[in-house]
Amino acid sequence: MNAPAFEPARQEVATAKLMEQILYEVKRIVVGQDRFLERVMVAMLAQGHLLVEGVPGLAKTLTVKTLASTVRGQFKRIQFTPDLVPADLVGTRIYNQRDGEFSTSLGPVFTNLLLADEINRAPAKVQSALLEVMQERQVTIAGHTHRVPNPFLVMATQNPIETEGTYPLPEAQVDRFMMKVIVDYPTDEEEYVIVERVTGPAIEVSPVATTEQLAALQAECRRVYVDPSLVQYAVRLVSATRDPARHGFKDMKRFITFGASPRGTINLVEGARALAMLRGRTYALPEDMTDLVPDVLRHRIVLSYEALSEGMSSDALVTEIMSKIPAPARPLEHDKLAA
């Protein structure tokens, strides 16, 4: 009679163990970059996409490739160049001279984990083709609709040190990325370990999960409890980027041309769910959301010319908003459960 009462607890332990195994396998290959790796896992669980900015050589490709091997998923990488066309991404129709019929050749977007390297080097029509797949999770070729595999995660990278010959991503399209993550250099200790691993014997990654299990984790992530006060907090943060004066930021309006869209609020809630699940909880706490606010909002705020001329950054504006809009208090029952 009491068996059903223990079922949620068993499920929670099994989920935590599986997530721990996935992270352990990835960390056997990738040294450091804990924050970046955490954001990749959050995006994967929340079914979002990542925009990553960082100089070359910081294990961006290695992270996604290793993660794909860990969950027995497909991994593909697209190097964006100025001569790329949309058909190079989504696929095209090919005429077969032998039987006189057309066949469909699907492009590299039909995979589980896709790395779009240096996305800002391709023209706008190619960027639009990729961003459409990200939103709709399907491609239409010659009137036929083809759905991409599930799960589907896109990680697009931007190189901040070379701006010549690049095509900046339109603000409306950048909004489709769940988070924009800044990847920094490793510490001296981490770099020492990196050199040891790269120059030493090769390490084989062990698959510890399947794409079906990953899809189940994504479904379970949607059941993580988010208190209404946390949702209201997310709404206030996003609303402050649109109408700063109404929230007590009178001088900020001149720095912001456009604020974050409702996607920002949705992604804050979904991200808090995923981060809570990564941390072994079935409910989200305020710190789960506050940890993600800069990554979720930094690319959604369009700065004015006045802000750019004064060297103002979207991160600085987000920090100021967070300092004056307090997060809700942790409910007492959550404190007891955490203890």
Peer 1: Enumerate, atom names and distances included, each donor-acceptor pair closer than 3.5 Å involving a side-chain atom of residues 181-189, sequence neighbours excluded.
Peer 2:
{"residue": "T187", "atom": "OG1", "partner": "E190", "partner atom": "N", "Å": "3.2"}

Peer 1: Is any side-chain heavy atom of R300 less than 4.5 Å from a side-chain heavy atom of N267?
Peer 2: yes
Peer 1: Evaluate the criterion side chain to side chain contact (heavy atoms under 4.5 Å, CB included) for residue pair V126 and D88; output intermediate values, then yes/no.
Peer 2: CA-CA 9 Å; V126 179; D88 294 330; over 6 Å; no
Peer 1: Is the closest side-chain donor-acceptor distance between Q135 and R137 under 3.5 Å?
Peer 2: no
Peer 1: Does the R121 side chain pair with the main chain of P82, one donor and one acceptor, at a distance under 3.5 Å?
Peer 2: no
Peer 1: For residues L303 and L317, determine if any side-chain heavy atom of one lies less than 4.5 Å from a side-chain heavy atom of the other.
Peer 2: yes
Peer 1: According to the salt bridge (Lys or Arg N to Asp or Glu O under 4.0 Å) rule, which pairs have a member within residues 194-218, sequence neighbours left out?
Peer 2: none
Peer 1: If you define the side chain from C-beta out and look only at heavy atoms, does anything of E118 sit under 4.5 Å from Q158?
Peer 2: no
Peer 1: Quick check for you: to the nearest 0.5 Å, what is the distance between M178 atom CE and L268 atom CG?
Peer 2: 8.0 Å
Peer 1: Is it true that V193 and L23 fall in one hydrophobic cluster, defined by side-chain heavy atoms closer than 4.5 Å?
Peer 2: no
Peer 1: Pairs in or reaching into residues 32-86: which pass ring-ring contact (aromatic ring centres under 6.0 Å, His included), with residues at least two apart or in two chains?
Peer 2: H49-F152
Peer 1: Taking the side chain as everything from C-beta on, heavy atoms only, tell me whether E132 gets closer than 4.5 Å to V90.
Peer 2: no
Peer 1: In the single-linkage hydrophobic clustering (I, L, V, M, F, W, Y; side-chain heavy atoms under 4.5 Å), do V269 and I266 co-cluster?
Peer 2: no
Peer 1: What I'd like to find out is whether the side chain of L115 reaches to under 4.5 Å of the side chain of I78, using heavy atoms alone.
Peer 2: no
Peer 1: Only pairs at least two apart or in different chains count here, so list each salt bridge (Lys or Arg N to Asp or Glu O under 4.0 Å) that has a residue in residues 265-276.
Peer 2: R222-E270, E270-R273
Peer 1: Restricting to side chain to side chain donor-acceptor pair (under 3.5 Å), what partner residues turn up for K27, sequence neighbours left out?
Peer 2: D34
Peer 1: Not counting sequence neighbours, which residues clear side chain to side chain donor-acceptor pair (under 3.5 Å) with K65? List them please.
Peer 2: none
Peer 1: Do M252 and I321 have side-chain heavy atoms sitting under 4.5 Å apart?
Peer 2: yes
Peer 1: Show me the pairs that pass salt bridge (Lys or Arg N to Asp or Glu O under 4.0 Å) and involve residues 46-58, at least two apart or across chains.
Peer 2: E53-K180
Peer 1: Less than 4.5 Å apart, any side-chain heavy atom of L51 and any of M155?
Peer 2: no
Peer 1: Only counting residues at least two apart or in another chain, list the ones meeting side chain to side chain donor-acceptor pair (under 3.5 Å) with T104.
Peer 2: R93
Peer 1: Please tell me if the side chains of S239 and H247 come closer than 4.5 Å, counting only heavy atoms from C-beta onward.
Peer 2: yes
Peer 1: Quick one: side-chain hydrogen bond (donor to acceptor under 3.5 Å, both in side chains) pairs with a partner in residues 287-296, sequence neighbours left out?
Peer 2: R35-D295, R39-D295, R279-D288, R279-D291, R281-D288, E287-R330, D295-R298
Peer 1: S261: what forms a side chain to side chain donor-acceptor pair (under 3.5 Å) with it, not counting sequence neighbours?
Peer 2: D175
Peer 1: Let me have the donor-acceptor pairs involving side chains of residues 139-150, under 3.5 Å, with sequence neighbours excluded, atom names and distances please.
Peer 2:
{"residue": "R147", "atom": "NH1", "partner": "Q138", "partner atom": "OE1", "Å": "3.2"}

Peer 1: Applying the 4.5 Å side-chain criterion to the ILVMFWY set and letting contacts propagate, would I22 and L62 be lumped into a single cluster?
Peer 2: yes
Peer 1: Can you list every ring-ring contact (aromatic ring centres under 6.0 Å, His included) pair that touches residues 105-126, not counting sequence neighbours?
Peer 2: none
Peer 1: Say you draw a straight line from CZ of F249 to OG of S323; how long is it, rounded to the nearest 0.5 Å?
Peer 2: 6.0 Å
Peer 1: Between the side chains of S313 and D315, is a donor N or O closer than 3.5 angstrom to an acceptor N or O?
Peer 2: no
Peer 1: Main chain of F258, side chain of R242: is a donor-acceptor contact present, judged purely on distance under 3.5 Å?
Peer 2: no
Peer 1: How long is the straight-line distance from CE of M19 back to CG of L214, given to the nearest 0.5 Å?
Peer 2: 8.0 Å
